[in-house]
Undergrad: 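There's a structure below that I have some questions on.
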Protein chains: 2
Amino acid sequence: MQDLLARIKIPVNDNLYLKDPSTSELGQKIIDGSIALMNQLGFERFTFKKLATEIQTTEASVYRYFESKHKLLLYLINWYWGCIATRITLETRNIELPEQKLKKTIHILTALPNPEIDSLISNELALKEIIINESAKVLITKDVDEENKVGVFSVYKTLVSNVAAIINEVNRDYPYPNMLASSMIEGSNQQRFFAAHLPKLTNIKEDSDFVESFYLDLIFNTLKK
Amino acid sequence: MQDLLARIKIPVNDNLYLKDPSTSELGQKIIDGSIALMNQLGFERFTFKKLATEIQTTEASVYRYFESKHKLLLYLINWYWGCIATRITLETRNIELPEQKLKKTIHILTALPNPEIDSLISNELALKEIIINESAKVLITKDVDEENKVGVFSVYKTLVSNVAAIINEVNRDYPYPNMLASSMIEGSNQQRFFAAHLPKLTNIKEDSDFVESFYLDLIFNTLKK
DNA sequence: TAATATCAATAGTATTACTATTACATTTGC
DNA sequence: GCAAATGTAATAGTAATACTATTGATATTA
């Protein structure tokens, strides 16, 4: 699985970069470095200057690839959801039973990545933490409409609509499949943030992955006919 | 109801302001002006300079009340959730049936405010939009732990725990009451953002309030024994 | 009325996101 | 094989903005 995914090229929207970072060595260093540094500092404290120092290049060189740190984060997010969407397609295509298919999908979307088994990329956990901590800062913005126009969110929208389809395979009459899908995707990340910082907003269980269990219970009870 | 609430003083954490804005005329102008302007511009584009121009004072005068726009937003959020918590207490205390109590709570938390009936404050809708659009920017931060230490989120945590208690009144054995509560509170706002900007992530129904309906269905199905 | 405390305005500074320009290196076409 | 074109990177900026230091004005109280 790991090798297979490593060979698949995940396409990311053209509008997110000035020069495709996957085509050069410096580009790769920018991606790898920004995942590490943004996770460490957080989006606000992260700057192109600090990144440049870290990967031994210059601020301006980074600006050759990305016109802003905002777009860089959008690139990372886009790429992450592209990977997840690919995983769901690959790992559920041989499953017949709709319930099993949905169960697997919920696992991929809500569980923490197991670095040994299902990691697509060298630093998936760091990237997942960035998704958890920083996503809202570029999604919930006044610019969302303009960015949506140029297709920045199409990967994410496709993912939600695919999950919604899997939900409707289990219960054809359920009227809110997209809401349920996006609630789970966004909510599971948020609950992990709460667990780490505001545990009173969650119910952490020692014996199991409480986030995955919560959504399994929630979704299958809701879809029960 | 309106008059009653208008007379209730909603306490806001001391650490959020340098000088209590509710004690002076300029303070009130800062609050009212910032709700209007932040809703109009969004948190990023909102600055103290622009606010000062708007309410005909100076940037530095605003800094007498709030040490940063970050803290100002936290103040607004805190005050909002204080109002909501008060409303839930007042409007459910005479309800005997746990199911009816929960239903009312879900309504207060997920429905859009009706300006004529249940508005606490002159510009509740604008404030609600700020909560929807900007909350994540001050909650999901690297500073969350320090701010949590000084009690900035206590109002919110109390609200979640109160709603969790109402959930457990309906089903004493449900193991994730806090998660369900915080998921609903955060999720309902997020779904409204999606509805406005990324409708493919939701399922908007013309005939009813889809957000309230979604959560009523979701929660009561989940709690069914 | 004089001392004191409160409040507000002016004029800054420091940081940071971002850009204009130039220099160097590599590839490509004939 | 050499020049044109393209790709890459470095220097040295600008503009915006969050935030502060200081001084001036007003109100309160002894």
Side-chain angles (χ1 to χ4, degrees), chain A residues 14-34 37-38 40-77 130 134 137-138 141-143 146-147, chain B residues 14-34 37-38 40-77 130 134 137-138 141-143 146-147:
Chain A
D14 289 10
N15 298 296
L16 290 175
Y17 50 77
L18 298 170
K19 175 181 160 64
D20 190 341
S22 68
T23 61
S24 80
E25 207 176 322
L26 181 66
Q28 268 307 319
K29 276 169 74 181
I30 289 174
I31 298 304
D32 293 341
S34 63
L37 196 64
M38 200 182 285
Q40 187 190 321
L41 301 178
F43 183 67
E44 288 83 2
R45 284 180 248 248
F46 171 90
T47 70
F48 278 2
K49 198 172 241 162
K50 290 172 186 169
L51 172 65
T53 311
E54 193 74 15
I55 62 175
Q56 283 163 328
T57 182
T58 62
E59 203 187 357
S61 301
V62 181
Y63 277 105
R64 296 273 154 178
Y65 288 82
F66 294 99
E67 72 178 67
S68 67
K69 68 172 181 176
H70 179 93
K71 290 251 168 120
L72 168 57
L73 177 51
L74 274 175
Y75 177 93
L76 295 178
I77 292 171
I130 290 175
E134 322 296 347
K137 290 163 196 169
V138 286
T141 307
K142 288 276 175 190
D143 301 317
E146 278 174 47
E147 282 165 351
Chain B
D14 290 10
N15 298 297
L16 290 175
Y17 50 77
L18 299 170
K19 175 180 159 64
D20 190 343
S22 69
T23 61
S24 79
E25 206 177 321
L26 181 66
Q28 268 306 321
K29 274 169 74 181
I30 288 173
I31 298 302
D32 294 342
S34 62
L37 196 64
M38 201 182 286
Q40 187 188 321
L41 300 177
F43 183 66
E44 288 82 2
R45 285 181 248 250
F46 172 91
T47 70
F48 279 2
K49 197 172 243 163
K50 289 173 186 168
L51 172 64
T53 311
E54 194 73 17
I55 62 175
Q56 281 162 331
T57 181
T58 65
E59 204 187 356
S61 301
V62 181
Y63 276 103
R64 296 276 152 178
Y65 288 82
F66 293 98
E67 73 177 66
S68 66
K69 69 173 182 175
H70 179 93
K71 290 248 168 127
L72 168 57
L73 177 51
L74 274 175
Y75 178 93
L76 295 178
I77 292 172
I130 290 175
E134 322 294 348
K137 289 164 197 169
V138 287
T141 307
K142 289 276 174 190
D143 301 318
E146 278 175 45
E147 281 165 352

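Here is how names work: the chains are called A, B, and so on, in the same order as the sequence lines, proteins then strands, and each is numbered from 1.
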Undergrad: Suppose we screen for side-chain hydrogen bond (donor to acceptor under 3.5 Å, both in side chains). Which residues come up paired with A:Ser68, at least two apart in sequence or across chains?
TA: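 side-chain hydrogen bond (donor to acceptor under 3.5 Å, both in side chains) list for A:Ser68, sorted by chain: empty.
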Undergrad: Dump the pairs, protein N or O against N or O of nucleotides 22-28 of chain D, anything under 3.5 Å, distances to one decimal.
TA:
residue, atom, partner, partner atom, Å
D:dT22, O4, B:Arg64, NH2, 2.8

Undergrad: Holding to side-chain hydrogen bond (donor to acceptor under 3.5 Å, both in side chains), I want the full list of residues that pass it with B:Thr53, two or more places apart in sequence or in another chain.
TA: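 Per chain and number, B:Thr53 pairs via side-chain hydrogen bond (donor to acceptor under 3.5 Å, both in side chains) with no residue.
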Undergrad: Tell me the salt bridge (Lys or Arg N to Asp or Glu O under 4.0 Å) pairs involving residues 53-72 of chain B, sequence neighbours left out?
TA: B:Glu67-B:Lys71
Undergrad: How would you list, by chain and number, every residue that makes a side-chain contact (heavy atoms from CB on, under 4.5 Å) with A:Thr47, sequence neighbours excluded?
TA: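 Partners of A:Thr47 under the side-chain contact (heavy atoms from CB on, under 4.5 Å) test: A:Lys49, A:Lys50.
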Undergrad: side-chain hydrogen bond (donor to acceptor under 3.5 Å, both in side chains) with A:Tyr75: which residues, sequence neighbours excluded?
TA: none
Undergrad: Not counting sequence neighbours, which residues clear salt bridge (Lys or Arg N to Asp or Glu O under 4.0 Å) with A:Glu147? List them please.
TA: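 With sequence neighbours excluded, A:Glu147 shows a salt bridge (Lys or Arg N to Asp or Glu O under 4.0 Å) to no residue whatsoever.
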Undergrad: So, using ring-ring contact (aromatic ring centres under 6.0 Å, His included) as the criterion, who are the partners of B:Phe43 when residues are at least two apart?
TA: none
Undergrad: For DNA chain D, find the residues of residues 46-55 of chain B with a heavy-atom distance under 4.0 Å and give them by number; none if there aren't any.
TA: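 Within residues 46-55 of chain B, the residues near DNA chain D are B:Phe46, B:Thr47.
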Undergrad: Among residues at least two apart in sequence or on other chains, which ones pass side-chain hydrogen bond (donor to acceptor under 3.5 Å, both in side chains) with A:Thr23?
TA: none
Undergrad: Listed by chain and number, what are the side-chain contact (heavy atoms from CB on, under 4.5 Å) partners of A:Thr141, not counting sequence neighbours?
TA: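 If we apply the side-chain contact (heavy atoms from CB on, under 4.5 Å) test to A:Thr141, skipping adjacent residues, the hits are A:His70, A:Asp143.
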Undergrad: Of all nucleotides in DNA chain C with an atom under 4.0 Å from a non-hydrogen atom of chain B, which is the first and which the last going 5' to 3'?
TA: C:dC7 to C:dT10
